[in-house]
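See below for the structure under consideration.
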Amino acid sequence: MTEVVVEHTQGAAVPVHALYEKDLAGFLDGRRAFVKAFAEMSEFKAKAGQALVVPDTAGGLDRVLFGLGASSDPMTFRALPARLPAGDFRIASAPPEFAPDLIALAFALGSYRFDRYKKKGSPQPRLVVDGVDVAEIRSISHACALARDMINTPPNDLGPLQIETIAREIAEQHGAGITVITGEGLLEANYPAIHAVGRAAVEARCPRIIEIDWGEAGKPLIVLVGKGVVFDTGGLDIKPSAGMRNMKKDMGGAAHVLALARMIMAARLPVRLAVLIPAVENAISGDAMRPGDILDSRKGLTIEVGNTDAEGRLILADALTRAAELEPALTLDLATLTGAARAALGPQLPPFYTDDEELAGQIEAAMAAVSDPMWRMPLWKGYVDALDSDVADIKNDPDGWAQAGSVTAALFLQRFAPTGPWAHFDIFAWNPRGRPGFTSGAEAQAIRALYRMIRDRFA
């Protein structure tokens, strides 16, 4: 990844002035006549994400004006890199409520490009900064780029084995241990639900459970669980073509927990860490699980399969049971789990679920501090019996009367989750349309806030 945020250099950097709409007139009145005339001629209004590159008399760049609109959201600066030519820039002025480290991080996040399958583009602009932790900014932005790269990569180049390979590389880089159980070994090791979901795939893409362990004994243990469905056909309850088009992103939970783990390990936070990734392809073959099948689970509960397209919660059930066996101080699971979450909150605002009020408050404080939005949803107990099965302990498709599909999915997971602090994040991990600073395609959600929360909770 190109370094787009650098510490102060000896060379000149073009100044950038970030302005609210309401402050534009006063700013221009204090500048030479050419700057004011050029802004007026260019119809620069300081609207959010708007930028004006002002030339100098020698044919170079004099300065850049960048609009904030009326918003105090530091992620507005994600729009800046795409508005700039190649070169070095520095923030010469910005309202005091914009922390320099968040400006730099937003610039780095907004510089993301997925160009694996394209001819390489032109050089990118760089932001020159003073007085911020550049190493931390790079760590966070690179981790978010890793998650987005994994999600954007099509399934022919990213199967369960490739997720394992990335996990091994991260573990090796940070001195972590890693174990992987694959194929029929899942039955021997008592991961029957993971095996059932992934068994229809070809041998080269067989299911697996990946477990990373890192940190010193005696430190509080955090377990991160990520859904790793590399492609979701829907199984025998096959999705229509429109619903299948973006199902390469159904391993977004796995990508997110690997990225979050990399942040935690790079910062050497005073915790122990376990990362659990059930990686499967929900394929169709003569051996695919069927509607009406009753599956065993690692916890010992039997699960009636009402819909083979509700497979993510099945693999997470075994992984969360494994998490409980580790007796963690905190468990977080991330999954691209339900379309119902999008119907409720749309693509930009992922819901999260927890019954732990202290944890919920810490998550909400962290997401506000780093501008990483989420919305807490209830684990509404009135819907629990929608998961009752006539022939098994629980079923994976709730009765239609409950309607709240994201809530009932969370309630299903709660049956398998550890009894201590636990939160579930039903992420979308995708921008369905591009907007300034947010290119269409993969998006990293929740993990910047979760990194901040973990750092504050355990530091």
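This structure is a prediction, so every number in the text was calculated from the model and none was measured. Along the sequence shown, residues carry numbers from 1.
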Are Lys299 and Glu325 ion-paired here, with the side-chain N under 4.0 Å from a carboxylate O?
no
Lys/Arg N to Asp/Glu carboxylate O, Arg322 vs Asp318, below 4.0 Å
no
Only residue of Ile363, Ile447, Thr336 satisfying side-chain contact (heavy atoms from CB on, under 4.5 Å) with Phe425 is Ile363
Tell me whether the NZ or CZ atom of Arg148 lies within the 45° cone about the ring axis of Phe114 and under 6.0 Å from its centre.
no
Glu211 to Tyr191 - nearest heavy-atom pair and separation
OE1-OH, 4.5 Å
Once rounded to the nearest 0.5 Å, what's the spacing between atom OG1 of Thr354 and atom CH2 of Trp422?
7.5 Å
Looking at Glu136 and Arg455, is there a salt bridge between them, counting it only when a charged N and a carboxylate O are closer than 4.0 Å?
yes
Quick test of your reading of the model: are Lys239 and Asp232 salt-bridged, counting only N-O distances below 4.0 Å?
yes
Return the minimal non-hydrogen interatomic distance between Gln414 and Asp355, and the atom names on each side.
NE2-OD2, 3.2 Å
Check whether more than 12 heavy atoms from other residues, nucleotides or ligands sit under 6.0 Å from atom CD of Glu203, and answer yes or no.
no
Can you check whether Pro95 reaches Tyr20 side chain to side chain, under 4.5 Å on heavy atoms?
yes
Check this for me, if you would: do Arg457 and Glu358 make a salt bridge, where the nitrogen-to-carboxylate-oxygen distance has to be below 4.0 angstrom?
no
Please determine whether a side-chain nitrogen of the Lys or Arg among Arg168 and Glu164 lies less than 4.0 Å from a carboxylate oxygen of the Asp or Glu.
yes
Keeping the roles fixed (side chain from Lys118, backbone from Arg116), state whether a donor-acceptor pair exists under 3.5 Å.
no
Aromatic ring pairing Tyr383/Trp401, orientation class (parallel under 30°, perpendicular over 60°, tilted between)
perpendicular
When you compare the side chain of Pro155 with that of Arg205, does any pair of heavy atoms fall below 4.5 Å?
yes
Decide, yes or no, whether a salt bridge links Asp399 with Lys395 under the criterion of side-chain N to carboxylate O below 4.0 Å.
yes
Applying the side-chain hydrogen bond (donor to acceptor under 3.5 Å, both in side chains) criterion to Asn152, which one of Tyr117, Tyr112, Trp430 satisfies it?
Tyr112
With rounding to the nearest 0.5 angstrom, report the CG to CG distance, Leu260 to Leu450.
6.0 Å
Which atoms form the tightest heavy-atom contact between Ile194 and Ile315, and what is the distance?
CG1-O, 3.7 Å
Is it the case that the side chains of Ser371 and Asp73 hold a donor-acceptor pair, with the cut-off being a distance below 3.5 Å and no angle test?
yes
pair Arg262-Leu146: side-chain heavy atoms closer than 4.5 Å
yes
Considering non-hydrogen atoms only, spot the tightest contact between Gln445 and Ile427 and give its length.
OE1-CB, 3.8 Å
So Leu258 and Ile166, do their side chains get closer than 4.5 Å, heavy atoms only?
yes
Report the distance from atom OG1 of Thr233 to atom CG of Asp309, rounding to the nearest 0.5 Å.
7.5 Å
Minimum heavy-atom separation for Gly49 to Arg83, with atom names?
O-NE, 3.0 Å
Here the pair of heavy atoms bringing Leu359 nearest to Asp356 is N-OD1, 2.8 Å
Donor-acceptor contact present, side-chain Gln162 to main-chain Gly159, <3.5 Å
yes
Please check if the side chain of Arg376 supplies one atom and the backbone of Phe352 the other of a donor-acceptor pair under 3.5 Å.
no
Pairwise side-chain contact, Phe89 with Leu84, heavy-atom cut-off 4.5 Å (strictly under)
yes
Are Arg448 and Tyr451 in a cation-pi contact, defined as NZ or CZ under 6.0 Å from the six-membered ring centre and within 45° of the axis?
no
Would you find a donor on one side and an acceptor on the other, under 3.5 Å apart, between the side chain of Asp250 and the backbone of Val229?
no
Roughly how far apart are Arg415 CZ and Leu387 CG, rounded to 0.5 Å?
8.0 Å
Main chain of Ala106, side chain of Arg78: is a donor-acceptor contact present, judged purely on distance under 3.5 Å?
no
Using modelled atom types and a 3.5 Å cut-off, is there a donor and acceptor pairing between side-chain atoms of Asp426 and backbone atoms of Leu337?
yes
For the residue pair Arg342 and Phe428, would you count it as a cation-pi contact if the rule is NZ or CZ under 6.0 angstrom from the ring centre and within 45 degrees of the ring axis?
no
Is the backbone N or O of Phe107 less than 3.5 Å from a side-chain atom of Ser111, with the two atoms forming a donor-acceptor pair by type?
yes
Any donor and acceptor pair, going by atom type alone, linking the side chain of Arg435 with main-chain N or O of Ser440 inside 3.5 Å?
no
Is there a side-chain contact between Phe77 and Leu68, using heavy atoms and a 4.5 Å cut-off?
yes
Short question: side chain of Asn307, backbone of Asp397 - any donor-acceptor pair under 3.5 Å?
no
Distance from Ser389 atom OG to Asn396 atom CG, nearest 0.5 Å?
10.0 Å
Can you tell me if Ser297 uses its side chain to pair, donor with acceptor, with the backbone of Ala193 under 3.5 Å?
no
Is any side-chain heavy atom of Asp130 closer than 4.5 Å to one of Glu7?
no
With a 4.5 Å heavy-atom cut-off, do Leu269 and Phe458 have their side chains touching?
no
So, His195 and Glu184: side-chain donor and acceptor under 3.5 Å apart, yes or no?
yes
One should read off an interatomic distance between Met453 CE and Gln362 CD, to the nearest 0.5 angstrom, of 7.0 Å
